[in-house]
Amino acid sequence: MRDNQFRGYTVIDLLKDEDFLRWQLLKSEEDALFWKNVINRHPDLAPIIEEAISLYKTSVRFNKFSMTPAEISEGREQLQYVIGQKKKKNARYIMLRAIAVAACIMVAILPFLWKKSEDVQQRDITTYAQALPEVDFNAVDTRLVLGEDQVVTLHNTESSVQYGVDDIVADDNIILQEKVMTSYNQLITPHGKRSTIIFSDGTKAWVNAGTKLVYPNQFSKENREIYVNGEIYIEVAEDKNRPFIVKTKRMDISVLGTKFNVSAYEVDHINNVALLSGSVNIASATHKKDVVLKPNQLYSNTEGTPSIKTVDASMYALWKQGLYRFESEALGDIIKRLERYYGAKIVCDDQAAHLKCSGKLDLKDNLDILLTDLTRALPINYLKNADGDYTIYY
Amino acid sequence: MTNTTARTYDEYENTMLMEFLKGSNEAFSYFYTVFINDLYAYGISLGGDKDVVRDAVQDVFVNIHAGAKNFSSIDHLKFFLLKSLKNKLYNIYASKRVSTAAPFTADVLNFSISTTVLDSIINEEDRIIIQQKIDNLLTKLTARQKEAIYLRFIQELEYAEIADILGTTQHGARKLISRSLKRLRSEEQLLLIYLLKHFCS
């Protein structure tokens, strides 16, 4: 047997032996077994092997690169300095924030001081969202705004954003989140674009064109609140202990776990909620009494006047599949949706705008094809101007 | 493969970790001193330039100070530091490579191991031979195998952590090391081990 060769080996001989070195390097069970066997046959080698192991441990080093003590202490000092600077900056920042928040609270409270209001109680997210500067929905790209100043630009026509445990995946970007401080994030989807967002609780929302979504980077323990100016279709992940509240300018929709579509463009006269499954509770700014919606009911809020009717609710969420169905809707309203969806400007004369139409449009077609189809079904014509804008006339 | 027993830290070190998690600057400084050379050595081993590695290590510590600190143990902290450093270096060198005309297929970071035999009771001639013997063994390994071995036996990381750093599964990480073993063995030895296993147990 090969192990006879070890007879008479010294410690140094072992340290030069490939088998011994491999054993020390990889510490495998097989090698350990092999050497146990060697010792069994040659018990006199046991102390020598033992000594070789300990000498290997004290003498052999791998990638022994190190900084000098002077370099280390220099690095440590530099680090302390950088951290000190950051702290000062943070302190200034917190101070500014405190002033800003105080100002916001004053602005929010003032109207309440003047009149005894029956409005929905304004919670922080609404206050925060409404205090934000107006956004330009005609911008080219979808924007994900993190906290106060970090903006991630998303170039896809249909962007996706997903909140993980400690990161955010937005199209091809992976953003690590520092969960030290809760802050509000915004997803701004301009005209002509769509996006989807999956929140950390698993709730998924499809976001239509021209929509601003405001939400905290992490939901609180009590509830899950988001603010919408625009249109979303949302499938809320069930969490009996934490209601999900979709807040808008004119109504708050609270649920435990359902699927529904909210169209709440602040510029539109009509805002509505179409419930596909489950149940939702709607509190409006103008009516004291809350409304509880059943599946396939549509709640509409026309300039503050609510109404409920039974509909095929899935029709209202078709846009996320690129379809648009409408029933006796004014052409003016339909055109407004198309403007947003395609990010185009379409001027419609009064007579045409009042035409009531029912039908279905495939939003995957380009706008010219779609308008041509409309001219075939309706007594209208359209012009494409040199600047790319459209005019529709009776 | 034997499991190297996880190192235990003494009470002082664990108290420092608690302080560190609470945001103590003193504890932060302490762990900087404890891990700086592990990080520096790892960065150089990955093929990083001295100055680049030094700056990257500083950045890693600045980030860790600013970020959420939820480390379950000192080992976890060390793993996180090593991983962050590698990511940082990867980004630095991946972006640099765009400007230089390096071959597209080359890995951005290539791990290498160099051996040092310390000047103890072994005389110089022997030291050189031992070092050469070890280097001969190591040259048979791929860069990834070397990195896996280094992380496992020198930095004493867990397989799950190694897998994370190398972008593979735990199973994949174990395989990297068991393959290394095979590479370092001759056919004859493999047969011998086979016989030993079957007739001695």
Side-chain angles (χ1 to χ4, degrees), chain A residues 1-3 10-34 36-38 40 55-56 58-69 71-80 82-87 90 166 176-181, chain B residues 1-2 4 25 28-29 32-33 36-37 40-45 50 53-54 57-58 61-62 65-70 112-123 126-127 129-131 133-134 136-138 149-150 152-154 177-178 180-181 184-185 188-189 192-193 196-197 200-201:
Chain A
M1 285 287 270
R2 191 190 171 283
D3 55 37
T10 64
V11 170
I12 298 293
D13 288 337
L14 278 171
L15 284 173
K16 291 176 186 171
D17 184 85
E18 220 175 79
D19 291 335
F20 177 82
L21 291 173
R22 188 187 56 237
W23 176 31
Q24 293 310 303
L25 212 54
L26 299 176
K27 300 182 174 72
S28 77
E29 270 168 30
E30 290 96 323
D31 283 332
L33 187 67
F34 173 85
K36 211 175 137 195
N37 215 270
V38 171
N40 279 343
L55 190 56
Y56 175 93
T58 53
S59 315
V60 179
R61 291 285 178 278
F62 297 100
N63 293 354
K64 201 187 157 301
F65 309 111
S66 55
M67 289 164 65
T68 65
E71 285 173 323
I72 295 176
S73 61
E74 190 190 313
R76 200 170 40 219
E77 274 164 32
Q78 188 217 342
L79 203 61
Q80 291 295 354
V82 172
I83 291 163
Q85 290 298 103
K86 278 210 161 179
K87 275 217 174 113
N90 276 349
D166 49 16
L176 286 178
Q177 277 212 102
E178 292 166 6
K179 289 218 163 171
V180 215
M181 206 199 289
Chain B
M1 223 55 51
T2 51
T4 50
N25 263 352
F28 179 71
S29 241
Y32 178 85
T33 315
I36 183 86
N37 272 333
Y40 180 74
Y42 183 50
I44 300 287
S45 313
K50 264 187 174 184
V53 172
R54 249 172 34 200
V57 170
Q58 292 295 105
F61 276 102
V62 169
H65 187 271
K69 299 180 196 65
N70 40 11
S112 61
I113 298 185
S114 67
T115 314
T116 315
V117 181
L118 297 179
D119 182 7
S120 51
I121 52 166
I122 313 168
N123 70 48
D126 288 333
R127 284 209 314 266
I129 296 171
I130 294 167
Q131 187 200 317
K133 290 262 181 184
I134 297 174
N136 281 344
L137 284 175
L138 291 171
I149 287 169
Y150 175 83
R152 179 69 186 141
F153 299 114
I154 315 296
I177 289 176
S178 64
S180 317
L181 192 62
L184 298 191
R185 269 204 187 109
E188 175 210 350
Q189 285 168 334
L192 185 69
I193 284 151
L196 275 172
K197 260 193 169 170
C200 298
S201 54

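Order of the sequence lines fixes the chain letters, A, B, ..., with proteins taken first and strands second; residue numbering starts at 1 for each chain. When reading the values below, keep in mind they use all heavy atoms of this one structure, side chains included, and skip hydrogens, waters and symmetry mates. All figures in this text were calculated on a predicted structure; none of them were measured in a lab.
Residues B:Arg54 and B:Tyr40 approach most closely at CG-CE1, 4.2 Å, considering heavy atoms. The shortest heavy-atom contact between A:Lys16 and B:Ile130 is CG-CG1, 3.9 Å.
For a residue to count as touching a neighbouring chain, one of its non-hydrogen atoms must lie under 4.5 Å from one of that chain's; by this rule B:Ile113 touches chain A with backbone and side chain alike. At a 4.5 Å heavy-atom cutoff, the contact between B:Ile149 and chain A is made by side-chain atoms alone. The contact between B:Tyr150 and chain A is made entirely by side chain atoms (from C-beta outward), counting heavy-atom distances below 4.5 Å.
Within the 4.5 Å cutoff, no side-chain heavy atoms of A:Asp31 are placed close to those of A:Gln24.
Although no hydrogens or angles enter the test, the distance criterion places a donor-acceptor pair under 3.5 Å between the side chain of B:Gln58 and the main chain of A:Gly75.
Comparing A:Leu15, A:Leu21, A:Leu79 by how many heavy-atom pairs each has under 4.5 Å with chain B, the most go to A:Leu79. When each of A:Asn40, A:Ile72, A:Val11 is checked for heavy-atom pairs under 4.5 Å with chain B, A:Ile72 comes out on top. Heavy-atom pairs under 4.5 Å with chain A peak, among B:Ser45, B:Ser112, B:Ser180, B:Gly43, at B:Ser45. Heavy-atom pairs under 4.5 Å with chain A peak, among B:Ile129, B:Val53, B:Val57, at B:Ile129.
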Steps toward side chain to side chain contact (heavy atoms under 4.5 Å, CB included) verdict (A:Val60, B:Thr115):
CA-CA 7 Å; A:Val60 179; B:Thr115 314; 4.0 Å; yes
Is there a side chain to side chain contact (heavy atoms under 4.5 Å, CB included) between B:Asn123 and A:Ile12 once you walk through the steps?
CA-CA 10 Å; B:Asn123 70 48; A:Ile12 298 293; over 6 Å; no
